[in-house]
Amino acid sequence: MWGLNLPVVLALAAIGGVLAWRRANTLVWLLYTGGALWAFFRFGFAVPIPQSVATIYLGITGLALVCYASSSRERLSETIQPIQRLILEPRYRLALAGLLVALPALAAYNVYADLTVPLEAPGFGREVHPPPPTEMTVHDETIDMATAENPYLHYKHDDPELYAEHLENGRRVYYENCFWCHGDGMGGDGMFAHGLNPVPSNFNDVGTLPILQSSFVQWRIAKGAPGLPASGTPWDSAMPAWEKFLTNEEMWDVNLFIYDFNGYEPRALGQH
Amino acid sequence: MTGHAMGRTPAAATLAAALLVALPASAQVDLGTEEQRAAGKVVYDKYCGQCHGDTGDGNGYATPRVRPKPRDFTTGKYKFRTTPNGMLPTDDDLRRIIEIGAPYTSMPGWPNLTSAEIQNVIYYIKSFSPDFENPDRYAEPIEIPRPLESTEESIARGRVLYEEQACGACHGEVGRGDGASAPTLVNDKGDPIRAADLTQRWTYRGGPTKEDIYRTFSTGLNGTPMPSYADSLEVEDRQHLVNYVYSLGDGDDPNYGTLITAVYSDEPIDLQDGESLDALFESAPMTRFPLVGQITEPGRNFFPPVTSIEAQAVYNRDEIAFRVRWHDLRADTSGRNNPNLEVPMWDEDNGIGGDAADDSGDSDDFFGDFGGEEVPAEDDFFGDSGDDFFGDGGDDFFGTAVAGAGGAEFSDAVALQFPASLAPTESPELKPYFLYGDAQNPVDLWFVNLTYGVADTFRGRGSDAIEPTEADIVEAVTSYDQGAWTVTYKRRRSSRAGVSFAEEQYTPVAFSVWDGFNRERGNKRALSSWFYVYTEPSVEQAVAGPVLRAALIVLVVELLVVFLVRRRARQKAADEQAEAASLTATEAPAV
Amino acid sequence: MKLSVPMPLRLVLLVLGTTAFYMYLGQIVPQREAHPPPPVLISAEMTTEDLVAVGAELASGKGQCLVGCHTVGQSGPLRYPDLDGIGARAATQIEGLSGLEYLAQSLYEPAAFIVPGFADGMQPIDQPPISLSEDEMKAVIAWLQSLGGTPTVTLDTELGY
Amino acid sequence: MNRNRIIFGIGVLAFVSVIATVRLGGFLVDNEYRQPDRQVAAQEEQGEAELTPRQQGIADEQAADEAEARARPYEEAEYRTVSFVGSRVTVWVLAQLHLLFAAFVLAVPLFAFIIEFVGYVKKEERYNKLAYEFTKLLSVSFSMTATFGAFLTFGLIILYPKFTNYLMHIFSPTFLPYVLLFFLEALFLYSYYYGWGKFGPKMHLFLGFMLNIVGTAIMFIANAWLTFMMSPGRRDDVDGDGVPDFVSAVSESGALLSLRDAFFNFTWMPINIHRIIANVAFGGSIAAAYAAFRYLQAKTDEEKAHFDWMGYVGNFVAIIAFLPLPFAGYYLAAEIYAFSQTLGIQMMGGTFSWLFVIQAALIGNLFLGANYYLWLGMGRMEGGVHFQKFIKWLLIAIALCFAVWATPRYAISSVSEIAAMGGSSHPQLSYLGQMSAKNTAVNILILSTYMSFLLYRRTGRQSVHPHRQLLTRAQAIVFSSAAALVTFYGVYGYFVDSATRIRFAIPQVYSVLAALVVITVIDLPLYRNARQSGETKWGKVPAISQYALIFIALSFTWLMGLMGYVRSGLRQEWHVYGVVLDTSPDAYTPSLGFATQVVSVTVLIFFGLIGVVFWLSSLGGKKDWEPKAVADGDGRLEGGQAA
């Protein structure tokens, strides 16, 4: 549900419930919050979140917990006193010894696990939406990237029938050419997607089509991977330069179609 | 992703199906209401029509370029059913395929559709074929028993049955889909189809679980040469057979990797000494890489039969050897092939160029590179006759291959691709274009035409600029064994003209496979994107040092904290005592 | 008890620590230097006309032909030969050399033939500091040929150097 | 610290620098300005006959060199370079330092003036004193600004002569007014500072007002120069179709067409606004850091109380100015986008997208630090425990918003992670990487911080207003409805098309601003003459809060440095975007890692210098030097304490 790993989330919540019921002290709560969030970021999602993002979140969590513990004298002493007692009082000697052994062991295990992760191909950050050129020429037609709009978009209101025709043509183009990679449902999960790196664009994604002007999409369609600037590390992307295969009208039509299919509108001009 | 993420779900789905089946599934006609079908039509038109055709005839926009062909709903024939051979599927059978799709075909799963939407679509699909109105065409689903335990005896018994039933005739002796008649198989519409590669369970269209396999044996796949064994084999025998087939597979999941780890060996690498070579590669980990059709550059290949390749590597002081292995239903070792053979447009599309053929007069665009090859001058081969197109076998460009008459026009081939030079250290992400490189960043191809079995090297500067080179001496040996090609390459590790394989280096590598039977050549091929070869250091690295260091640092910090806290407490106590002492001292006189 | 850190040191530590932390953040994100595109990109599919344009750009830019050495369409006291009409003249300068060969020679081995009336002193253009690549050289030749003649050089032409 | 030791140290330093200057000068003269003719003449004296062939060869070579030097025509250099650091970094660091001091010098009079004005209206002397305390920081900083300004000018002329010349071609008419204004600024600044208590309050306030006007005008002029480099043109509806067009200020070859268009260019006003606000926030935080520094040094309770209060006011100014800063930033970003889609994508999605993750970390830290300071401040009041229970929820809200804001649009992921996510964005997290989510997060952050301030304000006080319950409830309703509205628009943004979604930012901002205003308006009468349940004990705050102030100042400074990099780096290889290309070897845009190193070094230099400024300003509060015999006992005592 909601992309969460429910058993983990429920288990964490249950532990929290127990702590609330037992009226745990501040230190325990702090430890629980830190630990629970760590576990949540690590295991709480059905699709694991990337390590880098989890690290950012944990950093923020840690900062917030430190702020919380030290933002009043009372809480600070509530946090520190149990630790002091653990260190000072003879009856906790065994627990202290255990902790003294356990923490280094944990650290050692962590380092060991880091060192022995199975090798993986090096991954490189990549600009997913590199800046487009200011203009481009496709089939002898020059398109100003800043102002160009899909020439058929306005039919949506002006001439629905013609619009439907263009959509239908876009549908044909898409299912003759694109769905192998971008998928039948446009989830970027076509039958060849698993063999490609970077993976094909997911058009269902809220962060792809709606934030792009249709001229940008047209640029990507027409010029494909070979037309990417150096910052887009073009040479892994399998996106063809469709100007080799399609006419301008076909490309605008498929541009129209992928927006329509997903229920998105291109980003309007001049807006950020 | 869709391909292997499916591995787990079918088991559950089938179990659920099996449970439902246990109920008396009343085989009555349920065609839904008018509204339901209308609602189904909306969903169908949005998601299904482009392949299955807006009229359900299996002739959508995508149809000419996909294989296996999309189901023709007007025939009422369905492959994956729980009902006996020749009968209509249950709604749950249809639902199952809609939900999870058929792996390694163009039918994806539709997890985004709700249960009600799927039901509506099912009603709508049923309306395409009059068969669904005929109560006689319905049957009770078969019962799928719990699978038997995979004991050695059971597998052995299954093996005997496999041989008795001549499964190998199509699926091959060890199940690699390379049976003697495999090249000739067609479905009842005359479209060529392939026998399943039983060793790659994740590619089973009907699902990879034992229940799925049992169901396929028991109900057959309507419209294909795969018969039902419900009459010829007892339930228990079928279960043994299931166990045997199951034992052929490598796993439910292809476990695609991203890296070949080249391991170090002191031994010399001698390509001619097969046994020592096998022993060398024994220790090297094997990685499987996905292959997909090349559909970026002209000469596109929309249905490559080879979907994965396995690779491993070993190196010694001077040399490095790669071994790749893939399955192919037939060794085509008689034709020609090389990476820069031209592929005419009509051959890449297998029919979709139909409307393009009409305007072949203006040759600037599509047909510029046709050369002297003949365009099949059929006016209407895009429409319905697209089926005859392959079926009749009369067409010169596909017919010979289908007929399986010994030699194909093109031979099988394989190539490893490396960048001609490593990326500069400050921008390690730079790699040549994975399709034969680009003008600035060339690639080297280690190409083996399996007709000759020797390695040729090519330098690629883009799909249209591939030239043979003499610079690098690459040796290769090849062998074909029961549907599996194995090619072993060897080269010196350091090279002036190409990439050198230094220790602890990540070297990009990509693969191409050509299946001559599928008329693949030149840019029409199965390929992979860039992966990496990692030359593992020859001396193993110890982890004890850093681990101990981490533990020690933590321990020291801990002890420091304990020490400081205790010291402070002692001092505080001492101060208090002193204060108390001074207090008592000052108070004393008063008392 | 007197183990505490003095205030100025604490401040210094705070300043250094905070700055170091932000700097560290800057180090762990993906790094990319954005270099300006190489001024002239010669790609395989360039036509001869394109080459002329590129060559013209090179001549006044990286090639340094027109920066104080040559002129186009000027008379008077010149330092080195004026290039106007060179495309037509080239073929007749040295017997046995075609226009293309002559131009290539003058660029790769300028000292091989000095136009009468002018001094030696031109740098071989394929060497530092100018170091034109072979393709750039062809573009310059195409431009030279276009001055009074028809360019014949393409990227596939073998210059023989 | 012992004053004698410092004086001794300065003496040594001065001596060393004099020696070093002399040595350096000698070195330069020896190496650079050798006079070949004189050496030749010396040799001639020896007589030609005595020359060995080797000497003859040397003499010939020298003669040839000299002849060549004489024959060489004068050439104008396009670029020069500094060894080791390089031209770019030199100019970068100088400009940044100039800017930091300038920002401080422009900002301090702004709020010093306001505080003085408040003191004048309230007739409270302590405000006047506080304003003076702030102003004390000015004079040294003003000299620093001028010094670095001169450095920067020289740097530009020496290292980028051709380009500087070009800028002069465009902007020479503005230089004279600039210098004139600068002169006026000095005049007003010194008369404002030295005239404290010497003029009547109205006259003095007038001086302060003029100081601010002149300072702002100076900044506006300088902003025109740099914004021109980003967007050399103006937006105007030329053809009258209602859609603004871009009017270029220069021709394609770079010749000036209209100084007016170059001056009032596209990004000029957004930068002006953004800078005024940011300057105030920055100046406040630096002044607060000064107070924190003095607080930590302070020995007496009185001093502590004073500087605690000063730090509080400085921080208050900083935070109040900081709250609208994100909106000013959006305005600037929107204008950049409108100017050029390429620049816009470059900024948000391109090379610089990661910079904004770091920026999120900085701003998150700032918000967290500011709130933390307020919470710690509650300890000053008796009876502050009552509000402690809210802190948890505020903290959760702030941490959540921080996390949302720091969520990268495209996370750094390994190959297997990308495989697991099925793309370069995570199915759930990609929602958080969106503008909708981030706008919402920043609005909630602002609301939460304001809430912290409100809580702080009412700690230890009880309203005596007759309708206090009603009014408090009204505040709560306004607050929660603003929060609800912001969240609603944030979530609803995912269900509408982009054009509509972009417009959602406006009601979000307005509802937050409206809520802030309404709550403040209610709060003022509500807590007028409030009953104090306990005393506000200025100076009784944990020392860590003062370190938090310094941390905030550091983060601000660093943030300004980072934003300087992105503003300048956006132009990529252009001196003037789209017109004048940078052809120097430094034309590339350095990586973020390198940029953060330069920013860090700049910040360290700035803090080193500002430390000197603080120290010099704190001298004013010290006792005058007295003859040694008397001071001996004191000195020893002081030394003992310091140890």
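We name chains A, B, ... by the order of the sequence lines, and we start the count at 1 in each one. Below, each value reflects all heavy atoms present in this structure, side chains not excepted, and no hydrogens, waters or symmetry copies.
- For residues 88-106 of chain A, a heavy-atom distance under 4.5 Å to chain B picks out A:Leu88, A:Leu96, A:Leu99, A:Leu100, A:Leu103, A:Pro104, given by residue number.
- In this structure, CZ on B:Phe434 lies 6.0 Å from CG on A:Leu196, to the nearest 0.5 angstrom.
- Between chain B and the residues A:Trp180, A:Tyr109, A:Phe179, A:Tyr174, the most heavy-atom pairs under 4.5 angstrom are made by A:Trp180.
- Chain A forms the most heavy-atom pairs under 4.5 Å with one residue out of B:Ser528, B:Gly293, B:Gly437, and that residue is B:Gly293.
- Using bins of under 30°, 30° to 60° and over 60° for the plane-to-plane angle, the ring pair B:Tyr47/A:Phe261 lands in the perpendicular bin.
- Of all heavy-atom pairs between A:Gln84 and B:Val565, the closest is CG-CG1, 4.1 Å.
- Remark: B:Thr258 OG1 to A:Asn197 CG distance equals 9.0 Å, nearest 0.5 Å.
- Between chain B and the residues A:Gly224, A:Gly183, A:Gly185, A:Ala108, the most heavy-atom pairs under 4.5 angstrom are made by A:Ala108.
- The two residues B:Pro290 and A:Gly195 make their nearest non-hydrogen contact at CG-CA, 3.8 Å.
- In this structure the side chain of A:His194 reaches within 4.5 angstrom of the side chain of B:Tyr104, judged on heavy atoms.
- The structure places CZ of A:Phe245 at 9.0 Å from CD1 of B:Ile295, a figure rounded to the nearest 0.5 Å.
- Smallest separation of non-hydrogen atoms from B:Glu297 and A:Lys244: OE1-NZ, 2.9 Å.
- Looking at B:Asp54, only its side chain comes within 4.5 Å of chain A, counting heavy atoms on both sides.
- Contacts between residues 504-513 of chain B and chain A, counted as heavy-atom pairs separated by less than 4.5 Å, involve B:Tyr506.
- Judged by distance alone, with hydrogens and angles left aside, the side-chain atoms of A:Arg172 form no donor-acceptor pair with the main-chain N or O of B:Tyr61 at under 3.5 Å.
- From B:Thr296, atom OG1 reaches atom CH2 of A:Trp242 across 7.5 Å, with rounding to the nearest 0.5 Å.
- In B:Lys46, the NZ atom is crowded: over 12 heavy atoms of neighbouring residues, nucleotides or ligands sit closer than 6.0 Å.
- Contact of B:Cys48 with chain A is not made at all, since no heavy-atom distance falls under 4.5 Å.
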* To do: Could you walk me through whether A:Asn177 and B:Arg300 pass side chain to side chain contact (heavy atoms under 4.5 Å, CB included), step by step?
  => CA-CA 10 Å; A:Asn177 298 291; B:Arg300 294 179 291 175; 3.5 Å; yes
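- Top candidate by heavy-atom pairs under 4.5 Å with chain B, chosen from A:Asp184, A:Leu115, A:Val111, is A:Asp184.
- At a 4.5 Å heavy-atom cutoff, the contact between B:Ser106 and chain A is made by backbone and side-chain atoms alike.
- For B:Thr105, the part lying under 4.5 angstrom from a heavy atom of chain A is the backbone only.
- Looking only at heavy-atom pairs under 4.5 Å with chain A, the residue among B:Val66, B:Leu527, B:Thr63 that has the most is B:Val66.
- For B:Glu558, the CD atom is densely surrounded, since the number of other residues' heavy atoms within 6.0 Å is greater than 12.
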